[in-house]
Colleague: 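Sending over a structure as structure tokens; questions will come in a sec.
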Amino acid sequence: MGSFSTFVFLFFGLVLNGAVFCNGGKTSSYVRKVEKSVDMPLDSDTFKVPHGYNAPQQVHITQGDHVGKGVIVSWVTPNEPGSNKVIYWRENSKHKKKARGKVYTYTYYNYTSAYIHHCTIKHLEFNTKYYYKVGFGYTVRKFWFVTPPAVGPDVPYTFGLIGDLGQTFDSNVTLTHYELNPQKGQTLLYLGDLSYADNYPNHDNVRWDTWGRFIERSAAYQPWIWTAGNHEIDFAPEIGETKPFKPFTHRYHVPYRASNSTAPFWYSIKRASAYIIVLSSYSAYGKYTPQYRWLQEELPKVNRTETPWLIVLAHSPWYNSYNYHYMEGETMRVMYESWFVQYKVDVVFAGHVHAYERSERVSNIAYNITNGLSTPVKDQSAPVYITVGDGGNIEGLANNMTEPQPAYSVYREASFGHAMFSIKNRTHAYYSWHRNHDGYAVEADSMWFFNRFWYPADEYLSAH
Ligand SMILES: *[C@@H]1O[C@H](CO)[C@@H](O)[C@H](O)[C@H]1NC(C)=O
Ligand SMILES: *[C@@H]1O[C@H](CO)[C@@H](O)[C@H](O)[C@H]1NC(C)=O
Ligand SMILES: *[C@@H]1O[C@H](CO)[C@@H](O)[C@H](O)[C@H]1NC(C)=O
Ligand SMILES: *[C@@H]1O[C@H](CO)[C@@H](O)[C@H](O)[C@H]1NC(C)=O
Ligand SMILES: *[C@@H]1O[C@H](CO)[C@@H](O)[C@H](O)[C@H]1NC(C)=O
Ligand SMILES: *[C@@H]1O[C@H](CO)[C@@H](O)[C@H](O)[C@H]1NC(C)=O
Ligand SMILES: *[C@@H]1O[C@H](CO)[C@@H](O)[C@H](O)[C@H]1NC(C)=O
Ligand SMILES: [Fe+2]
């Protein structure tokens, strides 16, 4: 419904105005019943502690190298460190292998973490199902994952997108709909703001543990690719906690060294036909900073013959027409937007604003202080900007929008939900957004993406 009506609207806009860039797009007429989002209580089924002495909990995986042959397995043992071993084997193979990890603990105000394990498995075969076990010595638990196909230009692959999830009853609906989506997400791109533990007194880190148990049912079986959000900072000098990102960096490891990054907040991975660059809205990004220098060296390395799809993740959106977090992404946009146009990024996904929005292909890079050129213009080399900060956390929906809807905004709606980005081949990817209110298969907004390198045609002028 979304893409077709948008198409019709833009098409007639073009014919009538003769201008390339006309009025704003669609603000959904769907208005969600306003109810407060409520965190699931500590005794919810979603937070259940697995049976057995020292049983591993909060099991989750992420990509463990640059190309998808590695997996980082993470878990928490509550009573004692126990074994740091992961035993893993190919489906239908009797040959069991083992990898050893490391165990970490941290304290946060008066909270002391349990034993947090991270173990990187390397040199896996592509496109293969593996089983793995953790928790030796006491209670052993078994899971599985499927490695991605070898990196290559025409490899179909489906990514899910969730941001700002938190741990409310709505969060549980979002995750359930993602799990049941018939498009079958193979890897989840997580757009930042995980547990929202910092909304509790003293950032009660018990809520980091409950969140880990909540997402295990998905994250133990498919990689979640992590982006850092503002709720990961946990900077609380009033209680003596002055080291930013302490709980997040202890609990969620990412393969940043594999892309020559020097910090776990910005890094890249290749996966199937996609090159994914993760940026940090909450680390320095000005000129000469480590993140700036890394990105400057990183973008020219992307080989679109190998990985046609260039996807960027960052928590704070650059194009956001809600009256929440308005212009917070602006300084980073000013620093990096011209690079995104130069290197023809296909799409930028963000979270942070607790609602949904999709933009035109626009850029705003002509401004030079005195020339007055500070309006976004349609630009076929520019990415589409999509905000999916609508996971359902305790802070509720952002429903106050700037009016009129700006020309760059194609579709916006204040509903919780998740999105899917399904790459078909080097030229086409199908994108859809699914609001929680509907059945999990219903698409409230959708769009065929044309790859900026291989097929840089205007999606909105195509009858696709
Ligand atoms: C931490 O301190 C708060 C009050 O400051 C208290 O309510 C809570 O029970 C304490 N937690 C632990 C684990 O000691
Ligand atoms: C969360 O969703 C699952 C379905 O995926 C359901 O079984 C469970 O009862 C829900 N829990 C809560 C607390 O809403
Ligand atoms: C990282 O740097 C090393 C040494 O310069 C280089 O060999 C390697 O290819 C780089 N890796 C990536 C993913 O850029
Ligand atoms: C880009 O990737 C293709 C396909 O893997 C390869 O043939 C080509 O040499 C690469 N180009 C560069 C500049 O590395
Ligand atoms: C800014 O743009 C104006 C108008 O194009 C031009 O005259 C001026 O030289 C530019 N200033 C700088 C510093 O580039
Ligand atoms: C919406 O946001 C604007 C700008 O911040 C504010 O002036 C207005 O009062 C808000 N409206 C509502 C209904 O909260
Ligand atoms: C790429 O996928 C699109 C959408 O499924 C399809 O229409 C197109 O024919 C495909 N291109 C090739 C070369 O197979
Ligand atoms: Fe945020």
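Computed from a predicted structure; not experimentally measured. When a ligand or atom number is given, it counts from 1 through the structure's own listing order.
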Colleague: Are any of the protein's heavy atoms under 4.0 angstrom from atom 9 (O) of ligand 3, yes or no?
Modeller: no
Colleague: Report, in ascending order of atom number, the atoms of ligand 3 lying under 4.0 Å from any heavy atom of His66.
Modeller: 13 (C)
Colleague: Does the side chain of Asp346 come under 3.5 Å of the side chain of Tyr275 through a donor N or O and an acceptor N or O?
Modeller: no
Colleague: Once you measure the plane-to-plane angle for Phe449 and Phe421, does it fall in the parallel (<30°), tilted (30-60°) or perpendicular (>60°) bin?
Modeller: perpendicular
Colleague: Using a 4.0 Å heavy-atom cut-off, which part of Lys301 comes near ligand 3: side chain, backbone, both, or neither?
Modeller: side chain
Colleague: When you measure from the side chain of Ser74 to the backbone of His118, do you find a donor-acceptor pair of N or O atoms at a distance under 3.5 Å?
Modeller: no
Colleague: Tyr157 vs Arg271, test: side chain to side chain donor-acceptor pair (under 3.5 Å). Steps then yes/no.
Modeller: CA-CA 8 Å; Tyr157 204 75; Arg271 201 163 178 91; 3.1 Å; yes
Colleague: Quick check on the Fe ion (ligand 8): does Ser316 put an N/O/S atom closer than 2.8 Å to it?
Modeller: no
Colleague: I'd like to know whether NZ of Lys301 has more than 12 heavy-atom contacts from other residues, nucleotides or ligands below 6.0 angstrom.
Modeller: yes
Colleague: At a 4.0 Å threshold, what atoms of ligand 3 neighbour a non-hydrogen atom of Ala258?
Modeller: 13 (C)
Colleague: Would you mind checking which non-hydrogen protein atom is closest to atom 1 (C) of ligand 3, with the distance to 0.1 Å?
Modeller: Asn260 ND2, 1.5 Å
Colleague: Are Leu313 and Ile276 close enough that some pair of their side-chain heavy atoms sits under 4.5 Å apart?
Modeller: yes
Colleague: Please report whether atom 14 (O) of ligand 3 has a protein non-hydrogen atom at a separation of less than 4.0 Å.
Modeller: yes
Colleague: Quick one: does Asn399's side chain get under 4.5 Å of Tyr324's, heavy atoms only?
Modeller: yes
Colleague: Suppose you place the vertex at the Fe ion (ligand 8); what is the angle out to His315 NE2 and His352 ND1, to 10°?
Modeller: 90°
Colleague: Would you check if the Fe ion (ligand 8) lies under 2.8 Å from any N, O or S atom of Asp193?
Modeller: yes
Colleague: Is there a donor-acceptor contact under 3.5 Å from the side chain of Trp454 to the main chain of Arg304?
Modeller: yes
Colleague: What part of Ser268 sits under 4.0 Å from ligand 3 if we count only heavy atoms: the side chain, the backbone, both or neither?
Modeller: neither
Colleague: Starting from atom 2 (O) of ligand 6, find the nearest protein heavy-atom neighbour and note its residue, name and distance.
Modeller: Asn400 ND2, 2.4 Å
